[in-house]
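Quick notes on the structure that follows.
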Protein chains: 2
Amino acid sequence: MNDSDRGAGRAARPRRADARRNEKTLLDAAAEVFVASGVDAPVRDIAAKAGVGTATIYRHFPTRADLIIAVYRHQVEACAEAGPALLESGATPYEALQRWIGLFVDFLVTKHGLAAVLRSDEAGFEALHAYFLDRLMPVCTRLLDAAAAAGEIRSDIPALQLMHGVGNLCIGAEHDPDYDARRLAALLIAGLRLPD
Amino acid sequence: MNDSDRGAGRAARPRRADARRNEKTLLDAAAEVFVASGVDAPVRDIAAKAGVGTATIYRHFPTRADLIIAVYRHQVEACAEAGPALLESGATPYEALQRWIGLFVDFLVTKHGLAAVLRSDEAGFEALHAYFLDRLMPVCTRLLDAAAAAGEIRSDIPALQLMHGVGNLCIGAEHDPDYDARRLAALLIAGLRLPD
DNA sequence: TGACGATACGGAACCATGTCCCGTTTAGCA
DNA sequence: TGCTAAACGGGACATGGTTCCGTATCGTCA
């Protein structure tokens, strides 16, 4: 799945060195620009920061979603791996769920505009959508199932819908110091709670 | 506050008849286009539907927010007035709150993209923001206070933040039949609940 | 009723941004 | 060192918001 697959067996010829270099440069530049101007910063800005032409971006990352995925892949993976770890950390499943949602929220609100674009219906963001869901929904499902099995929460809310909801709650949090996405997300989870 | 004020005392000269006619035409056209293409439909489309030039739109409604406000003013008013009515309808304050949030959600999800634009930070939407908050936040505050006074919910969540949260939950609901904004909002409100 | 000034209008022009194309450059290999 | 395919850069095009300016119309006053 990672990029070393490209030259697997050295049969298919590997990408040229300058292409690999440019991809790295682009990722770094995009990460910087995303922090400064949000994930929907103009393509030209990213290209300029990387010192390449705009076409080069499209060549490496056909859609903006591809670029965003590449930039944040590590952090999404970390979030996904935190789920099982939390479950096994000794707390109750409900506590694990709460903490994991906290991690998810923290990730989203620190990425300018990512939550908003995650919910966008514009063509070209399906890949982003799919990636997040593929990677994180199973984790969320497992946490929900565990908490439901322990009788801590109701079990009639699909993980997919819950994640959409939590993602939505994170929108705009970065501009508004009075808006506490984490707290609202916690409230949403609390709404799942069953009486002991 | 309504437009008959413009000619109050007949001192300031009233707007020309064609201008008033165009404003009405524009509102009707905008309402139609908003339903068909969402509240961020191209200005040109609205102008074309109304059979006027684009500048005419800007003359009557300097920002898109002004147009949106004008189109939905009646419905927002109705929502605002429903709050006190629900409180006095005999149910518990918590039930009134739940139902009112339901009305708010129903309003938002049936307006293509309105929830999203409500949360947008782009300059020019402050007016929309301010209008919704000015009109609806006091209503929400009153419902929250009543439910808190009755000991039904916790009282440490500001109405403003709750409304932002509920508004966010409505984003994207129109495209996704599996996403039930109303239910998630109900869950959020349930999270406020105190044990009896 | 006719003329005049203010108001309002329409559409073209301008700017920003995403996207694509094409002529040029360069890495990698023989 | 020379060749070819990969990769590149920047300009061309499309879309949509915003503004400008010459023209048309309303409403009033003589």
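Side chains included, hydrogens not; waters and symmetry mates left out as well; all remaining heavy atoms used. Just so we're on the same page: letters track the sequence lines, and every chain starts at 1. Keep in mind the model is a prediction, meaning the values are calculated, not measured.
Rounded to an integer number of Å, the gap from Tyr58(B) OH to dA12(C) C1' is 15 Å. In this structure, the CZ atom of Arg21(A) is 14 Å from the C1' atom of dT25(C), given to the nearest Å. Here dG27(D) presents its C1' atom at 11 Å from CZ of Arg20(B), a figure rounded to the nearest Å. Remark: P of dT15(D) and CD1 of Ile46(B) are 18 Å apart, rounded to the nearest angstrom. Note: CD (Glu122(A)) to P (dT15(D)) measures 16 Å, nearest angstrom. Computed from coordinates, the Phe125(B) CZ to dG17(D) P distance equals 10 Å when rounded to whole Å. The separation between Asp66(B) atom CG and dT18(D) atom P is 11 Å, rounded to whole Å. In this structure, Arg64(A) atom CZ and dT17(C) atom P are separated by 11 Å, rounded to whole Å.
Ring geometry, His175(A) versus His112(A): the interplanar angle falls under 30°, so the pair is classed parallel (tilted spans 30 to 60°).
Under 4.0 Å is where a charged nitrogen must lie from a carboxylate oxygen, and between Asp45(B) and Lys49(B) no such pair does.
Checked against dG11(D), dA27(C), dC26(D), the side chain of Ala17(B) finds its nearest nucleotide in dC26(D). Ranking dG10(C), dC20(C), dG16(D) by closeness to the Pro42(B) side chain, first place goes to dG16(D).
Side-chain atoms of Trp100(B) never come within 3.5 Å of backbone atoms of Pro84(B) as a donor-acceptor pair (strictly under, hydrogens ignored).
Judged by distance alone, with hydrogens and angles left aside, Arg44(A) brings a side-chain donor or acceptor within reach of the base of dG18(C), the pair sitting under 3.5 Å.
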Please write out each protein N/O paired with an N/O of nucleotides 3-8 of chain C under 3.5 Å, distance rounded to 0.1 Å.
from, atom 1, to, atom 2, distance (Å)
dT7(C), O2, Arg16(B), NH1, 2.0

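The structure places CG of Leu188(A) at 6.0 Å from CG of Leu169(A), a figure rounded to the nearest 0.5 Å.
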task = Would you check, one step at a time, whether the test side chain to side chain contact (heavy atoms under 4.5 Å, CB included) holds for Leu133(A) with His164(A)?
result = CA-CA 9 Å; Leu133(A) 261 29; His164(A) 273 160; 4.2 Å; yes

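Using a 4.0 Å heavy-atom distance criterion, Ala41(B) is classed as a sugar-phosphate-only contact. Within 4.0 Å (heavy atoms only), Gly124(A) reaches no atom of the nucleic acid at all.
Between the side chains of Thr63(B) and Asp66(B), at least one donor-acceptor pair of N or O atoms lies under 3.5 Å.
In terms of the salt bridge (charged side-chain N to carboxylate O under 4.0 Å, His left out) criterion, Arg193(B) has no residue partners (sequence neighbours excluded).
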